[in-house]
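Have a look at the structure below before the remarks.
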Amino acid sequence: MTTISASEEQRILDQVPKQLYIGGEWRDGAKGELAVEDPATGETLCEVADGSTDDAKAALDAAVAAGPEFATMAPRDRGEILRKAFELVSARADELALLMTLEMGKPLAESKAEITYGAEFLRWFSEQAVRIDGRYAVAPNGQGRLLTMKQPVGPCLLITPWNFPLAMGTRKVGPAIAAGCTMVVKPAQQTPLSMLMLAKILEEAGLPGGVVNLITASSSSETMGPLIADPRLRKLSFTGSTEIGRKLMEQASENLLRLSMELGGNAPFIVFDDADVDDAVQGALIAKMRNVGEACTAANRFHVSSKVADQFAEKLAEKIGAMKVGRGTEENVEVGPLIDDKQRTKVAELVEDAVGRGAHALVGGHTRDGAGYFYDPTVLADVPDGADLLTEEIFGPVAPVKGFEDEDEAVAAANDTEFGLVAYVYTSDLKRALRVVEQLQTGMVGLNQGMVSNAAAPFGGIKQSGFGREGGPEGIEEYLETKYVAVNL
Ligand code: NAP
């Protein structure tokens, strides 16, 4: 890979439609424009439409109007549109990856991996569209017949975060289209460009106007609040912080909306002394450093058997310390900037707190001077109980390592959190692996691997990490209602 030129960057930015997409039309936002920043420089990349409450209402009007006809479109035709969109995204993977790096900051290779991952939801759900079925059963008394059918839930509101600008959208848009739902999509204001490109691609793929409506806005509460209160909306799918998720759930209770909540995480990464330490370090690098540590699935704390904790921490520090930090468009860069100054300050404060309590940095531990929101990749050893980063989501390139004495202590430490998204376990003992996996209070577990994300698998959490599943056969169920018909024979 060679460093990308400024003119190439501009060419990619110029391709992005910057308006709102409502009822199949691109139009200006009533509140003017909203700046999108490059987190590696702090400079404005471009401006996109700033939608108002009326714009959001128009988007829901369009989704409601398009609903009945789209719900009856042949499943095969819905699937073919998704398949075409998958092909278009895949064909433009390099350009979409550059766009993602510009708005979100992660290195190009990682953006490319997200494009592949995000596109896979379009392909997976193109295949699921034709597998929506029902049941026919004889009533237990033999008299009547029990018929069940699946129908689209109706107009949906899909709200996505900035950390995976495309995949968090396709995880929702894919199954919603496959199920026959229409929708309003609101990407995070920091990273709207990837989703704007997806809307353009879906249009090119033949999606009828009004099925996907996209609102970009500087005030999410002002624009989204009235939609959540609108009785025509039937479902809210949200990916973001637990704090905002709770608020939205409260608002959604008024209309008893169907909900999917993909919220924050605090993933434990457990390494037993029977594990292959080099494999565990390799898995740790992925679980920690993917997405510059800004992933809900990021390993937040490393619980390592005291017999191998020093060895593990030193090897991890060596690898992490060797990673090249810089703008994601530059050659060989492996760690980009954090999304903004607020996020970087939070990471710095968590590290200061841990060090103040007795942890010591084997590598890193500092904010980088200069433009952009860079933070040094960091490994902290001997992290004591009570350090804030053991209980809070770090969302940055910081790996705290803490020792444990036995299996019970490891499991108790792993479960000692309000979150329950994912956990990682490294062990070569099969019995121990299954014993521990069964006790972990999470929706997902990576067993001897540092990544769980897969379009064909049900992604989601328990406890304060939310509920609902995205991907896999389960993913489409979030957008379907079951209707039961009592048949008199
Ligand atoms: P966030 O602040 O909760 O925002 C997420 C989305 O919600 C953004 O589009 C945001 O819009 C919007 N939003 C904020 N306040 C709102 C309101 N009052 N009404 C309606 N919409 C509102 O989260 P984030 O900082 O973007 O993302 C990071 C969080 O997402 C982390 O906690 C991470 O763990 C979680 N996450 C979870 C998963 C998962 O699958 N479990 C996946 C990825 C990320 P604005 O941009 O305008 O603020």
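Computed from a predicted structure; not experimentally measured. Just follow the structure's listing: the first ligand is 1, and inside any ligand the first atom is 1.
In this pair, Tyr426 and Phe269 present their aromatic rings parallel. The plane angle is below 30°, not in the 30 to 60° band. The aromatic rings of Phe125 and Phe121 sit parallel, their planes meeting at an angle under 30°, below the 60° perpendicular limit.
In this view, Glu103 and Ser194 satisfy the side chain to side chain donor-acceptor pair (under 3.5 Å) rule, not counting sequence neighbours. Judged as a side chain to side chain donor-acceptor pair (under 3.5 Å), and not counting sequence neighbours, the contacts of Arg232 are Asp61, Asp230.
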Show the short N or O contacts, below 3.5 Å, that ligand 1 makes with protein N or O atoms; if there are none, say 'none'.
from, atom 1, to, atom 2, distance (Å)
ligand 1, 3 (O), Ser241, N, 2.8
ligand 1, 3 (O), Ser241, OG, 2.6
ligand 1, 9 (O), Thr160, O, 2.7
ligand 1, 9 (O), Lys186, NZ, 3.2
ligand 1, 11 (O), Lys186, NZ, 3.1
ligand 1, 13 (N), Ser220, OG, 3.4
ligand 1, 23 (O), Ser241, N, 3.4
ligand 1, 25 (O), Trp162, NE1, 3.0
ligand 1, 26 (O), Trp162, NE1, 3.2
ligand 1, 30 (O), Gly240, O, 3.3
ligand 1, 32 (O), Glu393, OE1, 2.8
ligand 1, 34 (O), Glu393, OE1, 3.4
ligand 1, 34 (O), Glu393, OE2, 2.5
ligand 1, 40 (O), Arg171, NH2, 2.8
ligand 1, 40 (O), Glu262, OE1, 3.3
ligand 1, 41 (N), Leu263, N, 3.3
ligand 1, 41 (N), Leu263, O, 2.7
ligand 1, 46 (O), Gln189, N, 2.9
ligand 1, 47 (O), Gln189, NE2, 2.8
ligand 1, 47 (O), Ser220, OG, 3.3

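Applying the ring-ring contact (aromatic ring centres under 6.0 Å, His included) test to every pair with at least one member in residues 21-44, sequence neighbours left out, gives these pairs: Tyr21-Trp26.
For the pair Lys106 and Phe164, the tightest heavy-atom approach, listed with the atom from each and the gap, is NZ-CD2, 3.6 Å.
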